[in-house]
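Heads up, the thing below is written out as structure tokens.
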Amino acid sequence: MAEYLILTEKKSAADNFSKALGGSSGNFDGHSYQIVHAQGHLMELSEPKDQVAGDLKERYGSWDPENMPWNLNDFSWVKEPTKAGNIRKILSQIKKASQNAQAIVIATDNDPSGEGELLAWEIINEIGWHGKVYREYHDDETPKSITKAMRNLKDVSDQTKDGDYLKANVRSRWDFASMQLTRLATSYVRNAGYYVKVVNQGRLKSVMLSMVYKREQAIKNYVKKPFYEVKFQDDQGHLYARKVAKDNEERLAQIRHADKAQAEAELTQYQSPVHVKKLKMVNKKSTPKTLLDLAKVDALLSKKGYSSNKIKNVYQQLYEAGYVSYPRTEDKVITSEQFNELVQNSKEIALLVGVNTQLLTHLEPRKELVKDSATHGANRPGSKVPASLDELGKALKNQSDLECAKDIYCLLGKTALAILGDDYLYRVVTASIEEYPAFVTQYNVPANFGWRQIYNDGELPKAPKPLGTQAKAIVAEGANPKPAKPTKAWLFKRLASYGKYGIGTGATQQSTMAELTNAKSNAHLLNDKKGVLSLTDTGLMSAVIAQGTLIASPKATEQLFQGMDDVGNFKLAPDQLLSTINKVVAHDKPVLQKNVALVEQSVGKPQKKQYPKREKVDVTYQGKPAQINAKWGEHTWTADELKELSAGNTITFDYKKGQISGQLGEKEYKGHKFIAFIPDFDN
DNA sequence: GCAAGGTC
């Protein structure tokens, strides 16, 4: 009988706890223990209609705008196990193990969002545990950190006083309540006559779509404004120009002439040719960049044409086989242990990914990349190094993903090995025109490529020509820059760097990107062509209808997260923060309604035949011939199923993540009676 | 059918 039941977030964490404490059960520091693990969140909030009293079910099941905003006091906030296959089994295992324990130790990921506390308390509440609960706070999953944390347990038995739980819990309710905006947007667009599945809105999705939309508009509205500027050009081609700060419009207007003739007039004021004067040459160096996160891997490999969905799935399979490190890390650095492992495996990895081992010379950890604390460490090759790249196929369900797996491994290998390369050394040359010192030029001369020979995003810079001796005044043509096309790399960067908190976690950004760009998803709102994004028709509707709303503003997340900090510090009551979503819905509802008119401007009038006529098949119901839809949702009836249904039998078939049972019956819609498949859950 | 957050 174990005294402590140690609950970790996932299997890999349970394995690391087991290593640190000396087994999946045993004795540590005078206490007997047993380790169990969750699998991320095991519970999720029930459907809105299942959280309210009987007479309110219709209202909260409805997508009709007249039923919103919701009154959040109507909600019970009851949760149920998630739909994934083995969740109930995991829950019952944890419950069973808890029956022998004197206390539960929350040992989930220790992250400031409080998500680890939330998913632990969801489980603790679900199994009906009312005993002692402790929290340990590990910085990373090394034995040293885990044992240290396990010696410093905090009693958190009262969950209403666990600030981390409170903040994450209110976050989850706020986000859940934000689904009203999807219902509103979808209903308004449908009521205007458009055929759409769902017009998604949320504080992450809407912001992503809005960013792409605004960039698309900026490209569409771009008007090239050429300007003419006097510069000097030396006999080696280097250009000398006057330095002006970008925001110094007054000075820019003096130098950049809209009229070519003005520039030509200015040109005559200068003598030409003139002399080049070298001002200085400074030695500089740059160290390897930080390692990758999943969003960066996604953005870089999308250039090769892989979808976000494929990268997510293939990466996960490589992780499960031990070939790559944990995918959904927030870390951009690694620990010394992780660094040592990389050094040990470096030659093998280099041979696999095609890096010259002689370049691996910097075996001392650089302090900006190797820190004392990092939970999973940045994305990099795993502990298990394959004997060949083809061996990665063993990890894959589908061998056609092998090329993608190899590209992921090579990218991770090269970026990780780059931190074992020398500094990149270069010289910065500055020169000016002797007669007109305001005209300057500056360029870099690479001296030693160092780590950039191991990994460089794009081509290595070429050595520039030497400085010339003489220069001539010329009229150079320039223009206001055309906005670049929106790409995944651009979007990820904007999301991550917004405000104090960023918008969405790296892992959620990548999985949301995968959802939005997946043609099979209900939320297929973005097209992806080698990493270049564009809005689908529904995506455009979603973005257009959300203009001017709070949900599409990054400030919504910023204020929510600021409020979460206050909830975590007990400066703000959770319900106070939750009520801010009511204000968002109240503000956004009329904006969405008004914006429907803009949808017509951008995608045109709805076509007349909106809802495709469904294909019918013949059945028999109570001895009489009838017709039903050939498909139920995404399921097409087989001949056998139709036979069974016609015989009046109940059939069961696999559907999405579960099974559906039901039989034929009568249905009524708008006064019209017909025969249809009635699933059991409708009764 | 809906959110965003975990996870396989």
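Proteins get letters first, then strands, A, B, ... in listed order; numbering begins at 1 in each.
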- Item | Any residue meeting side chain to side chain contact (heavy atoms under 4.5 Å, CB included) with S383(A), in chain and number order, not counting sequence neighbours | E341(A)
- Interatomic distance, F75(A) CZ vs dA3(B) P [rounded to whole Å]: 15 Å
- Query: Checking all strands, does E115(A) fall into the base, sugar-phosphate, or nothing category for heavy-atom contacts under 4.0 angstrom?
  - Reply: sugar-phosphate
- Residue set satisfying side chain to side chain contact (heavy atoms under 4.5 Å, CB included) with N86(A), at least two apart, ordered chain then number -> Q39(A), I90(A)
- When the distance from CZ of R190(A) to C1' of dG1(B) is rounded to whole Å, what number comes out? 8 Å
- Query: Is the phosphate of dT7(B), meaning OP1 or OP2, less than 4.0 Å from a side-chain N or O of K10(A)?
  - Reply: yes
- Contact class for T512(A) (heavy atom, under 4.0 Å): base, sugar-phosphate, or nothing? nothing
- State plainly whether the residues D162(A) and R135(A) are in salt-bridge range, i.e. N to O under 4.0 Å. no
- Message: With a 4.0 Å limit, can you tell me whether N86(A) has a side-chain N or O closer than that to the phosphate oxygens OP1/OP2 of dC8(B)?
- Response: no
- With the side chain of T508(A) defined as its heavy atoms from C-beta on, choose the nearest nucleotide among dT7(B), dC8(B), dA4(B). dA4(B)
- Message: Using the ring-ring contact (aromatic ring centres under 6.0 Å, His included) criterion, which residues pair with H524(A)? Sequence neighbours excluded.
- Response: none
- Task: Sequence neighbours left out, what passes ring-ring contact (aromatic ring centres under 6.0 Å, His included) with F17(A)? Give chain and number order.
- Result: H138(A)
- Task: For the side chain of E9(A), starting at C-beta, report the closest nucleotide among dC8(B), dG6(B), dC2(B).
- Result: dG6(B)
- Message: Looking only at the side chain of K205(A) (C-beta and beyond, no hydrogens), which of the listed nucleotides dC2(B), dA4(B), dG6(B) gets closest?
- Response: dA4(B)
- Query: Judged by modelled atom types alone, do D111(A) and S113(A) share a side-chain donor-acceptor pair under 3.5 Å?
  - Reply: yes
- Query: Of the residues in residues 167-182 of chain A, which ones touch DNA chain B at a heavy-atom distance under 4.0 Å?
  - Reply: R171(A), S172(A), D175(A), F176(A), S178(A), M179(A), T182(A)
- In whole angstroms, how far is the C1' atom of dG5(B) from the NZ atom of K79(A)? 10 Å
- Which comes earlier along DNA chain B counting from the 5' end, the contact point of S511(A) or that of K197(A), where each point is its nearest nucleotide? K197(A)
- Between CG of D528(A) and CE of M513(A), what distance do you get to the nearest 0.5 Å? 8.0 Å
- Restricting to pairs with a member in residues 46-62 of chain A, which pass salt bridge (Lys or Arg N to Asp or Glu O under 4.0 Å), not counting sequence neighbours? none
- Nearest-Å distance for atom pair CG/C1', residues N309(A) and dC8(B): 14 Å
- Item | Test salt bridge (Lys or Arg N to Asp or Glu O under 4.0 Å) applied to K589(A) - qualifying residues, sequence neighbours left out | none
- Message: With a 4.0 Å limit, can you tell me whether N200(A) has a side-chain N or O closer than that to the phosphate oxygens OP1/OP2 of dG1(B)?
- Response: no
Name each donor-acceptor pair under 3.5 Å that joins a side chain in residues 557-566 of chain A to protein atoms two or more places apart or in another chain, with its distance.
| from | atom 1 | to | atom 2 | distance (Å) |
| --- | --- | --- | --- | --- |
| T557(A) | OG1 | R203(A) | NH1 | 3.3 |
| Q562(A) | OE1 | Y501(A) | OH | 3.3 |
| D565(A) | OD2 | Y501(A) | OH | 2.7 |

- Task: For H524(A) and dG1(B), give me the distance from atom NE2 to atom C1', rounded to whole Å.
- Result: 17 Å
- Return no unless some side-chain N or O of Y326(A) is found under 4.0 Å from OP1 or OP2 of dT7(B). yes
- Task: Please work out which residues in residues 539-552 of chain A have a non-hydrogen atom less than 4.0 Å from an atom of DNA chain B and list them by number.
- Result: none
- Message: Please tell me whether T182(A) and Q201(A) have a donor and an acceptor in their side chains that are separated by less than 3.5 angstrom.
- Response: no
- Query: Among all residues two or more places apart in sequence or in another chain, which pass the side chain to side chain contact (heavy atoms under 4.5 Å, CB included) test with K214(A)?
  - Reply: S210(A), Q547(A)
- Query: Would you say a side-chain N or O of R328(A) is under 4.0 Å from OP1 or OP2 of dC8(B)?
  - Reply: yes
- Message: Does anything in residues 41-50 of chain A come within less than 4.0 Å of DNA chain B? Heavy atoms only, and list the residues if so.
- Response: H41(A), E47(A), P48(A)
- In whole angstrom, what separates R203(A)'s CZ from dC2(B)'s P? 18 Å
- Item | Any pair counted as salt bridge (Lys or Arg N to Asp or Glu O under 4.0 Å), so long as it reaches residues 325-334 of chain A, sequence neighbours left out | D293(A)-K332(A)
- Task: Please report, rounded to the nearest Å, how far the C1' atom of dG6(B) is from the CD1 atom of I123(A).
- Result: 10 Å
- Message: Output the rounded distance in Å from CG (L204(A)) to C1' (dC2(B)).
- Response: 15 Å
